[in-house]
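A short worksheet on the structure shown next.
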Amino acid sequence: MKIAIVCYPTFGGSGVVATELGIALAERGHEIHFITYNQPVRLELVSHNIHYHEVTVPDYPLFHYQPYELALSSKLVNMVKLYGIELLHVHYAIPHAYAGYMAKKMLEEENIYIPIVTTLHGTDITLVGNHPFYKPAVTFSINKSEVVTSVSESLKEDTLRLFDITNEIDVVPNFIDVAKHDNPYTDCQRDLMADKNERIITHISNLRPVKRVMDVIEIFDRIQKKIPAKLIMVGEGPEKEACEALCVKKGIQEKVLFLGNSSEINKILCFTDLFLLPSEKESFGLAALEAMACGVPVISSNTGGLAEVNVQGVSGYLSDVGNVDEMAANALQILKDEKTLSQFKKQAKEASRKFDTKNVVPLYETVYDKAFQKI
Ligand code: GMT
């Protein structure tokens, strides 16, 4: 099948999932065309089945806002015609589902009929899409897609609650190649990060307010008062400076390393003992799943789809949003001795297997078949 994948090419989870999906589909013999404004960060163009087409929006003094949707729709039309693409899979509703629908309508004028699959990822529904500025267009494009998928049951419920949806929503969870995340612990360069007696705790995100990164610092502060520990903060975002300031205020700046964005998440997770994700909202929590696949237990909030990923008392623990005391106590419970920690590490890895690529990617192929039947 010839499939166009439209996504954000950044470090965000939706772009990562879209990229990994394209790679997995290419391995299964499909011809994949990524269409976005930059080469996706996790995409290495090493397969003859993978193409990347850049969307460019030339600047013009009249434009206060650049018309990206217009450029994307036109690019989709051109690429569908040039490569004979048969299906559009758009990740993140805004503005991709809308641009996809426009492309589909333009193609219909030339008697080319192409189904659209829209995958909802989270903030496109819970934070951004729900705003009255966007809501009519988001509702319209969800309802007009041949098939709509959401990355968790929780996100499906949120979508049905927040929007006037007349379409079915199929839940296809995010996934991970568990085998690729098999890190033999002995290969890790742990010594570069921490002393032998210190536990390594990691947080990875875009450091936006929704991630509650101040809670990460609060939890870590409570942990490091009880046991020797280091915190590794991975990612860039608007809360970074305030976070650094909080570390200085608490006098723990020597114990917190800010690494910025990284394409080497596996290397970092390899020497991590515990992952923190205390988010305000999280439709799935791909970062938690990546940690689990590397055998790292997770302390998270119980918001959104996190309870579908992090299994209470097995792969880690979940608490109410903002309950940093309980999160710290649970972290210490996991980190208290080698036996408990290695048990949780094993269990975290085991729990991640449910989301293995080989179990989930075929579900998208079924979704594509369903989309073709609707056209
Ligand atoms: O978390 C973000 O702000 C980024 C966002 C994205 O578009 O990449 O993440 C969302 O999609 C991920 C992939 O499906 C999910 O794992 C994240 O839980 C979801 N984020 C939120 O719901 C806040």
Side-chain angles (χ1 to χ4, degrees), residues 5-22 24 34 36-38 40-43 89-97 117-131 134 138 148-159 161-162 169-176 203-213 215-216 233-240 261 265 275-293 298 300-310 318 321 352 354-355 357 360-361 363-364 367:
I5 293 187
V6 179
C7 64
Y8 284 105
T10 58
F11 284 95
S14 62
V16 169
V17 169
T19 307
E20 298 290 349
L21 175 62
F34 286 97
T36 179
Y37 59 82
N38 260 330
V41 286
R42 292 226 187 149
L43 182 64
H89 188 173
V90 301
H91 289 260
Y92 206 89
I94 306 169
H96 301 147
V117 174
T118 296
T119 292
L120 309 173
H121 278 275
T123 46
D124 46 352
I125 294 300
T126 55
L127 275 186
V128 191
N130 187 26
H131 194 284
Y134 298 118
V138 173
V148 182
T149 75
S150 75
V151 297
S152 63
E153 287 292 344
S154 155
L155 182 60
K156 174 178 174 174
E157 281 161 26
D158 283 343
T159 312
R161 182 170 46 81
L162 296 168
I169 299 179
D170 295 336
V171 176
V172 180
N174 288 334
F175 58 90
I176 195 122
H203 170 79
I204 304 173
S205 79
N206 48 31
L207 309 187
R208 295 205 184 118
V210 71
K211 301 294 175 182
R212 291 185 72 102
V213 281
D215 284 5
V216 173
M233 298 287 288
V234 182
E236 291 291 343
E239 297 284 275
K240 188 173 175 182
N261 285 331
I265 296 305
F275 190 78
L276 300 180
L277 195 62
S279 308
E280 181 84 36
K281 282 188 174 31
E282 205 68 69
S283 68
F284 183 90
L286 184 67
L289 178 60
E290 288 187 328
M292 287 161 57
V298 174
S300 72
S301 60
N302 54 16
T303 188
L306 275 171
E308 295 169 49
V309 181
N310 188 15
L318 304 93
V321 172
S352 75
K354 177 178 167 196
F355 301 99
T357 305
V360 178
V361 171
L363 301 179
Y364 275 116
V367 158

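Counting starts at 1 for both ligands and their atoms, following the listed order. Position 1 is the first residue of the sequence; numbering continues from there.
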Who passes salt bridge (charged side-chain N to carboxylate O under 4.0 Å, His left out) against E157, sequence neighbours left out?
none

Assert yes or no for the condition that the ring centre distance of H89 to Y364 is strictly below 6.0 Å.
yes

What I'd like to find out is whether the side chain of L306 reaches to under 4.5 Å of the side chain of L277, using heavy atoms alone.
yes

Could you give the side-chain donor-acceptor pairs of residues 203-211 under 3.5 Å, partners two or more places apart or in another chain?
unit_1	atom_1	unit_2	atom_2	d
H203	ND1	L276	O	2.9
H203	NE2	S205	OG	2.8
S205	OG	L207	N	2.9
N206	OD1	R208	N	3.3
K211	NZ	E282	OE1	3.1
K211	NZ	E282	OE2	2.9

Please walk me through it: do H91 and H96 pass ring pair (Phe, Tyr, Trp, His ring centres under 6.0 Å)?
CA-CA 7 Å; H91 289 260; H96 301 147; 8.8 Å; no

Go ahead and list the nitrogen or oxygen contacts between ligand 1 and the protein that come in under 3.5 Å, distances to 0.1 Å, or just say none.
unit_1	atom_1	unit_2	atom_2	d
ligand 1	1 (O)	K211	NZ	2.8
ligand 1	3 (O)	N206	ND2	3.0
ligand 1	7 (O)	S14	OG	2.9
ligand 1	8 (O)	G13	N	2.6
ligand 1	8 (O)	S14	N	2.6
ligand 1	8 (O)	S14	OG	3.3
ligand 1	11 (O)	H121	O	3.2
ligand 1	14 (O)	H121	ND1	2.6
ligand 1	14 (O)	N174	ND2	2.8
ligand 1	16 (O)	G285	N	3.2
ligand 1	16 (O)	L286	N	3.0
ligand 1	18 (O)	E282	OE2	2.6
ligand 1	18 (O)	S283	N	3.3
ligand 1	18 (O)	S283	OG	3.4
ligand 1	18 (O)	F284	N	3.1
ligand 1	18 (O)	G285	N	3.0
ligand 1	20 (N)	E282	OE2	3.2
ligand 1	22 (O)	S283	N	2.9

Under the salt bridge (charged side-chain N to carboxylate O under 4.0 Å, His left out) definition, can you give me all pairs with a residue in residues 284-293, not counting sequence neighbours?
R42-E290

